[in-house]
2 protein chains.
Amino acid sequence: MATIRDVSRLAGVSVATVSRVINRSGYVKEETREAVLAAMRALDYEPSVIARGLAGKNTATIALIIPDILNPFFPEVARAIEDQANKFNYTVILCNSDNDPEKERKYIQVLKNKRIDGIIIASYTIEAPQILELQREGVPVVAVDRAFGSHPILSFICNNREGARMAARHLIERGCRKIAHISGPPVMSAKERYQGYVDVCGSESRFDPGLVAEGNFTIEGGYAATLELFARHPDIDGIFAGNDLMAVGALKALYQLGKSVPRDVKIVGFDDIALARMVVPEITTVRQPVYEIGRQAMKHLIKLINGEKIGQKTMRLDVELVVRRSSGEAADRV
Amino acid sequence: MATIRDVSRLAGVSVATVSRVINRSGYVKEETREAVLAAMRALDYEPSVIARGLAGKNTATIALIIPDILNPFFPEVARAIEDQANKFNYTVILCNSDNDPEKERKYIQVLKNKRIDGIIIASYTIEAPQILELQREGVPVVAVDRAFGSHPILSFICNNREGARMAARHLIERGCRKIAHISGPPVMSAKERYQGYVDVCGSESRFDPGLVAEGNFTIEGGYAATLELFARHPDIDGIFAGNDLMAVGALKALYQLGKSVPRDVKIVGFDDIALARMVVPEITTVRQPVYEIGRQAMKHLIKLINGEKIGQKTMRLDVELVVRRSSGEAADRV
DNA sequence: TACCTATGTGTAACCGGTTACACATCCCAT
DNA sequence: ATGGGATGTGTAACCGGTTACACATAGGTA
């Protein structure tokens, strides 16, 4: 690998000049610039990221901290971010935090030590003070799937409450009279979705707090919650699950109970992960613009890295109801 | 952040001595060692990974190159590797290559420039020469889910052919008389699985090359292949899909065709990704020890990084048949 | 006693970039 | 003519580690 001194020697200039050409900084005569570029090409030279990192420049590396890549929601986030990062010649370090604050802290420590340029974080556990501390230390941070109230933290999140309302309204329109909700764990997005459900169904005459059960955002949780709900209310005819995984769990439970979806019970999920289209019947769901969230997160992280002053607050993206078979009217063999 | 010179000053020794303590290299008097350690603790010192990287040492970073994290097989690989890497204080850069050789080449270029310590690669497209070239340049490489014949390349892969035989035999045992195969794209693992299927079913009197269709390892592919197969042979009663995704596609197609699984048709997949347990009925499949493959890959990559001389060849791990509902005998409402 | 080896530590160069500062021109306004 | 800003380039220090080499001392052996 050629070094900057090799280039400077070949071009007959000093390393400072080569550096100026590379960084488009300071003054360089056009002729000199071309000579340097020619030398760089001739030597197939590429500046060492490590060396520039040490010299205080960017390392062209960002970190993505997520709870668990095995949760099918996160590969979609990761892919969006990786694509976007790639476009800007950034490289992504993947960190699974398992929602373990200790693991998170350790990771952040290591990442700072590696002088990564910024962090995109999707975590239920991290709190505002920790992020503000990072910012103070000069590490740009963008949050996704999580908001931090009025703290000056840039975060991209979807309109959970409105999405939940759309889901509930859709079930009502499809003729459901008794609509249950499988909620996520007590984290922001789950709470907002619950709120949306209550906005629409809370005033119904048939409403009952027993129509809500917690499913922890997992298939198993959705399965168990569904069994629990039907034990309490055998006449439930609509389920709004707080995410698609739990909707799939509900589907399995209903199959177990001998109920037909959508004939006997209609289901709506949230997120629109690929899994929603993999099962039979395909699941009606509220589509989060995950790819767009990833794109925006990365785009803005780069702005922060480049020192642009941008307003740091919660950005809400619109959701969209995607109607599929699980809430369809047609008789169904399942 | 404290530097090595801060530590050396506080401990009253030279930076060389501090470095010796950090790296357990050379001679250091026990007393001195303790003084240095105390100073390090007092200053909350951690050596800069960037600086050691520049000075020719490891960067404690490895890269994982996979085709696409959206393919549900790869999050499982990624998680195993990340866990293991973490345990040894390594950090993982995630690279989606989309099986695009050009993208792969570019990534490898960037990774070399970042002086990563090694690469774990799962790619259908990369060929032996490129890996051997990397090795020559001093970059340790381990392949997973892919083998390179007799080339001195360390790779971890499962026993595809034997697994396929187990799947086919299982279908026969469950009473299937006409067993079709949905094959993957023309890559090594798919070919081996196809071979295993032929080993068992090729000699059956009812065997016919028309019982094989290609499904490209995707749900859509499995779906289309199934429709195609049944158009040719409406009496197929068993399907061995080359992976779980295609098995799920087959499931959807059979539902479409009004066939009941497992009553009319039994299905066996391959891999045992989480999805196999998410659908109804759950899919019988040949379990690849993905986590173990990841563990071994990382473990051996570290050995290579540390310069240990280890035999570099293909390591095959055993598979296991996991019987679930899709090949069960009970009548089924699906 | 003289010499050798093992032990212990410091100095300074080096990894490959960036950049503050110095210095030299050139051109223009006064 | 002259002072001053814009332009152009080089020298050398610096980022924070590693390590070759030099040097000092201690203990053992011939």
By ring pair (Phe, Tyr, Trp, His ring centres under 6.0 Å) - contacts of A:Tyr90 (at least two apart):
none

Could you check whether B:Ser48 gets within reach of a base, just the sugar-phosphate, or nothing at all, counting any heavy atom under 4.0 Å?
sugar-phosphate

Taking 4.0 angstrom as the limit, do B:Glu127 and B:Arg146 come out as a salt bridge?
yes

Sorted by number, residues from residues 3-15 of chain B placing a heavy atom under 4.0 Å from DNA chain D are B:Thr3, B:Ile4, B:Arg5

Apply ring pair (Phe, Tyr, Trp, His ring centres under 6.0 Å) to B:Phe156 and list each qualifying residue two or more places apart in sequence or on a separate chain.
B:His300

Go through residues 25-42 of chain A and report each residue with a non-hydrogen atom lying under 4.0 Å from DNA chain D, sorted by number.
A:Tyr27, A:Val28, A:Lys29, A:Thr32

CZ of A:Arg52 to CD1 of B:Ile50: how many Å apart, nearest 0.5 Å?
12.0 Å

Chain A contact limits on DNA chain D, taken 5' to 3' with a cut-off of 4.0 angstrom to heavy atoms
D:dA6 to D:dG16

Side-chain (A:Asn306) to main-chain (A:Glu308) donor-acceptor, under 3.5 angstrom:
no

Ionic contact status for A:Arg79 with A:Asp83, cut-off 4.0 Å
yes

Please confirm whether the backbone N or O of B:Glu102 pairs with a side-chain atom of B:Asp100, one donor and one acceptor, at under 3.5 Å?
yes

Below 4.5 Å, heavy atoms only, C-beta onward: do B:Ile4 and B:Tyr45 meet side chain to side chain?
yes

So, the side chain of A:Thr59 versus the backbone of A:Arg115: is there a donor-acceptor pair under 3.5 Å, distance only?
yes

Start at the 5' end of DNA chain C and walk down; is the nucleotide closest to B:Arg115 or to B:Arg20 reached first?
B:Arg20

Taking B:Arg316 for its side chain and B:Asn159 for its backbone only, find out whether a donor-acceptor pair lies under 3.5 Å.
no

For the residue pair B:Arg105 and B:Lys103, establish whether any side-chain heavy-atom pair is separated by less than 4.5 Å.
no

Is there a side-chain contact between A:Ile293 and A:Val77, using heavy atoms and a 4.5 Å cut-off?
no

Axis-to-axis angle between the two ends of the helix from C:dT1-D:dA30 to C:dT30-D:dA1 (five base pairs per end, rounded to 10 degrees)
60°

Beyond-backbone contact of A:Val290 with A:Asp145, side-chain heavy atoms, under 4.5 angstrom
no

